[in-house]
Student: 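Provided herewith is a single structure, encoded as structure tokens, for subsequent inquiry.
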Amino acid sequence: MPDRKVRVRFAPSPTGPLHIGGVRTALYNYLFAKKHDGDFILRIEDTDKNRYVPGAESYILETFDWCGLPFDEGIIEGGEYGPYRQSERKGVYEQYAVKLVEEGKAYYAFDTPEALEEMRKQQESSGSSLTGYNHQSRKEMRNSLTLPPEAVEQLLDEEAHYVIRIKIPEDEEIHVRDEIRQDLVFQSSTLDDKVIFKSDRLPTYHLANVVDDYLMKITHVIRGEEWLPSLPLHVLLYTFLGWEEDMPAFAHLPLILKPTGKGKLSKRDGEKMGFPVFPLEWMDPETGEVSSGYKQEGYFPEAFINLLVMLGWNPGTAQEIFSLDEMVEAFSLDRVGRSGARFDPDKARWFNHQYLAKKDDQELANEYARILRDKKIEAEPSYIEKVVGLIKERADFVRDFWDQSFFFFQAPQEYDQKIVKKRWKQDSPEILKDLFPILEKTAPWERDVLEKNVKAFIEYKELGMGRVMIPVRLCLVGSGMGPDLFTIMEMIGREGTLDRIKKGIHEIPGEN
RNA sequence: GGCCCGUUCGUCUAGCCAGGUCAGGACGCCAGGUUUUCAUCCUGGUAACAGGGGUUCGAAUCCCCUACGGGCUACCA
């Protein structure tokens with residue numbers, strides 16, 4: 001298969017929102033495809049109609065739209081190997097299942113749920129280590145291996161409910177290769193005769209995925225580690241179908257684990273841990289329950305992708321911040337780790353911080369303007385942009401901007417009591433009153449002029465910066481935080497500055 | 001229970017395949033510096049080879065066992 005064009009697929013089941021593990025799997029597929037100038041395909045695996053959740057499919061589409069990971073082929077893009085929804089491919093699977101039966105590699109099974117239940121109970125009580133429908137138990141069940149041919153014919157004609165099961169060889173070693181874990185060997189005797197074709201005349205995942213990957217000329221299957229146990233079954237299917245020459249390479253990605261405790265990340269974890277598990281906000285159509293998403297939490301898609309790529313893969317260098325192009329360039333399957341990764345919310349914020357600090361002021365100002373508008377605050381775009389430039393490095397998200405910059409838009413409503421207690425001395429009002437005329441006379445009202453005049457005042461009064469500046473900051477900002485004070489003064493203007501100082505002198509209690 | 005995968009600082013990880021480094025980086029945390037303050041930023045520090053056996057002059061690296069963690073075990077994907 002060496003000179004085939006690389007083709008990979010992301011094959012979600014529309015049973016709900018994707019979580020970040022799914023997005024990461026898709027991302028690795030995308031990176032691998034692009035690295036090798038290959039195709040990235042979306043295939044919807046909706047062969048279980050009972051688990052279908054409305055909205056899940058469009059959620060998947062919106063997610064990749066937001067992340068900026070376009071598919072080359074898929075349910076929207078189309079492509080020459082369509083359709084890309086398994087429910088629309090119903091007709092293609094049965095022939096392969098029947099072919100396997102005809103060749104003695106699979107068989108019809110007519111067992112009722114009760115009979116299967118009975119079989120399980122018996123296996124349990126007998127303490128047998130081999131469980132399931134397997135090379136032993138199949139001899140005692142109702143199937144085309146045990147029934148006389150006429151009876152089988154009759155049952156099939158009657159359209160009795162039946163399934164097709166793969167006939168696992170009794171005692172064989174199945175050698176498989178995983179690109180991440182290298183060579184693995186499974187004993188066929190420990191495998192069971194999985195249903196490959198259901199009584200609703202739809203294939204199970206195992207058959208559908210093998211048939212479609214073959215028909216769609218998939219060269220590499222990159223999926224979650226939860227599929228590793230069924231790899232020997234899939235390999236056997238390729239062999240039975242006579243497709244071993246075209247069998248794709250397999251890579252099973254380590255799982256993303258809960259941040260605390262153990263276990264793989266699941267839907268409920270997010271709310272408890274205080275970080276999203278979903279890329280986009282999701283509302284459960286049945287319960288109406290809303291789960292938060294990275295987008296809505298304020299993550300940039302580039303940051304989201306970046307933090308995901310580092311969860312399980314590393315470039316072997318110290319680089320941590322990657323553009324999508326850089327990721328494509330650097331990515332390789334052999335640098336994917338083998339052990340599960342725990343998600344670290346702190347590091348996630350750090351990634352967003354890195355992107356935020358590098359973002360264009362104007363772009364950020366546009367986003368911030370929306371927040372300000374919601375707060376009924378009017379300001380010139382150029383003013384907002386200037387504010388953003390001053391405070392963006394202090395924030396992790398755009399939504400942090402307000403707390404970092406409200407004083408550029410309105411006088412403080414309260415004063416930080418800790419700072420008041422520590423830095424608002426008995427003579428502070430007096431000092432500010434003395435400073436007042438200096439500020440009144442300062443012209444032009446510009447940062448550097450303000451600095452020069454105020455510093456001259458401080459020197460003349462022999463006071464020291466802290467004695468003067470911190471009380472002023474308290475008046476203008478309400479606390480000890482914020483960027484350069486002279487810049488703040490320039491920005492809020494002479495009137496604003498003087499008003500706030502006056503207000504502070506009256507309202508800040510002089511306990512000390 | 002059975003089958004399979006995994007295990008390096010609190011977290012993400014480099015190093016392992018081709019044994020020899022004070023086991024490196026990042027996040028977090030702590031300290032110092034810068035600053036009019038807070039934050040940013042800079043510097044420094046903290047902290048790990050799951051345990052036990054082998055093989056070897058020498059093991060985080062190779063082998064075995066144990067422990068622990070995880071996944072799978074449906075007519076789900």
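Order of the sequence lines fixes the chain letters, A, B, ..., with proteins taken first and strands second; residue numbering starts at 1 for each chain. FYI, side chains are in, hydrogens and waters are out, and symmetry mates aren't considered; it's all heavy atoms of this structure.
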Student: Counting Watson-Crick and G-U wobble pairs only, both distances under 3.5 Å, name the nucleotide matched with B:G1, or none.
Tutor: B:U73
Student: If you count heavy atoms of other groups shown closer than 6.0 angstrom to CD of A:Gln182, is the number above 12?
Tutor: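 Yes, because the 6.0 Å sphere around CD of A:Gln182 holds more than 12 heavy atoms from other groups.
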Student: Between A:Trp313 and A:Leu228, which is nearer to the 5' end of RNA chain B once each is assigned its nearest nucleotide?
Tutor: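 With A:Leu228 and A:Trp313 compared, the 5'-side residue is A:Leu228.
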Student: Measure the distance from CG on A:Asp46 to P on B:C75 and round it to the nearest whole Å.
Tutor: 20 Å
Student: How many whole angstroms separate atom CG of A:Leu233 from atom P of B:A74?
Tutor: 13 Å
Student: In whole Å, what is the span from the CG atom of A:Asp178 to the C1' atom of B:G6?
Tutor: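 Rounded to whole Å, this separation is 12 Å.
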Student: Counting heavy atoms from C-beta on, name the nucleotide in B:C75, B:C12, B:U11 closest to the side chain of A:Leu311.
Tutor: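 Between B:C75, B:C12, B:U11, the one nearest the side chain of A:Leu311 would be B:C12.
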Student: Identify which nucleotide among B:A77, B:U40, B:G70 has an atom closest to any side-chain atom of A:Glu393, counting heavy atoms from C-beta outward.
Tutor: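 Between B:A77, B:U40, B:G70, the one nearest the side chain of A:Glu393 would be B:U40.
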Student: If you check the A:Arg394 side chain, which of B:C38, B:U7, B:C27 turns out closest?
Tutor: B:C38
Student: Among B:G15, B:A77, B:A26, which nucleotide has an atom closest to any side-chain atom of A:Arg335?
Tutor: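 Of the options given, the side chain of A:Arg335 lies nearest B:G15.
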Student: Identify, between A:Val195 and A:Met310, the residue whose nearest nucleotide on RNA chain B lies closer to the 5' end.
Tutor: A:Met310
Student: Which one is paired to B:A26, where only Watson-Crick or G-U wobble pairs with both distances under 3.5 angstrom count?
Tutor: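 WC or wobble partner is B:U11.
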Student: Select one nucleotide: of B:C76, B:G28, B:U40, the one nearest the side-chain heavy atoms of A:Lys198.
Tutor: B:C76
Student: Round to the nearest Å and state the distance from A:Phe401 atom CZ to B:A39 atom C1'.
Tutor: 13 Å
Student: Over how many whole Å does the gap from A:Lys347 atom NZ to B:U11 atom P extend?
Tutor: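 Those two atoms, NZ and P, are 13 Å apart.
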Student: Can we say A:Lys461 and A:Glu430 salt-bridge, meaning some charged N sits less than 4.0 Å from an Asp/Glu carboxylate O?
Tutor: no
Student: What's the closest nucleotide to the side chain of A:Thr131 if the choices are B:G1, B:G28, B:G6?
Tutor: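 Closest nucleotide to the A:Thr131 side chain: B:G1.
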Student: Given atom CG of A:Leu191 and atom P of B:A74, what is their separation to the nearest angstrom?
Tutor: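 That distance rounds to 13 Å.
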Student: Please give the distance between the C1' atoms of B:C49 and B:C16 as a whole number of Å.
Tutor: 11 Å
Student: Below 4.0 angstrom, N of the basic side chain to O of the carboxylate: do A:Glu117 and A:Arg120 qualify?
Tutor: yes
Student: Measuring from the side chain of A:Leu116 (C-beta onward, heavy atoms only), which nucleotide among B:C75, B:G71, B:A77 has the closest atom?
Tutor: B:C75
Student: Between A:Glu88 and A:Lys90, does any NZ, NE, NH1 or NH2 come within less than 4.0 Å of an OD or OE carboxylate oxygen?
Tutor: no
Student: Taking the C1' atom of each, how far is B:U34 from B:A18, in whole Å?
Tutor: 48 Å
Student: Tell me which nucleotide, if any, is Watson-Crick or G-U wobble paired with B:G6 when both distances must be under 3.5 Å.
Tutor: B:C68
Student: Suppose we call a contact any N or O donor and acceptor under 3.5 Å apart; does that hold for the side chain of A:Arg342 and the base of B:U11?
Tutor: no
Student: Looking at A:Asp344 and A:Lys347, is there a salt bridge between them, counting it only when a charged N and a carboxylate O are closer than 4.0 Å?
Tutor: no
Student: Separation of A:Asp334 atom CG from B:C16 atom C1', in whole Å?
Tutor: 14 Å
Student: Checking all strands, does A:Pro12 fall into the base, sugar-phosphate, or nothing category for heavy-atom contacts under 4.0 angstrom?
Tutor: nothing
Student: Return yes if the base of B:C3 and the side-chain atoms of A:Thr190 contain a donor-acceptor N/O pair under 3.5 Å, otherwise no.
Tutor: no
Student: Find the partner of B:A31: check Watson-Crick (N1-N3 plus N6-O4 or O6-N4) and G-U wobble (N1-O2, O6-N3) distances, both under 3.5 Å, and reply none if neither fits.
Tutor: B:U43
Student: Please report, rounded to the nearest Å, how far the P atom of B:U37 is from the OH atom of A:Tyr415.
Tutor: 21 Å
Student: State which of B:A77, B:U7, B:C27 makes the closest approach to the side chain of A:Asp48.
Tutor: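 Selected nucleotide (nearest to the side chain): B:A77.
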Student: Do A:Arg181 side-chain and B:C5 base share a donor-acceptor contact under 3.5 Å?
Tutor: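 For A:Arg181, whose side chain was compared with the base of B:C5, there is no donor-acceptor pair (under 3.5 Å).
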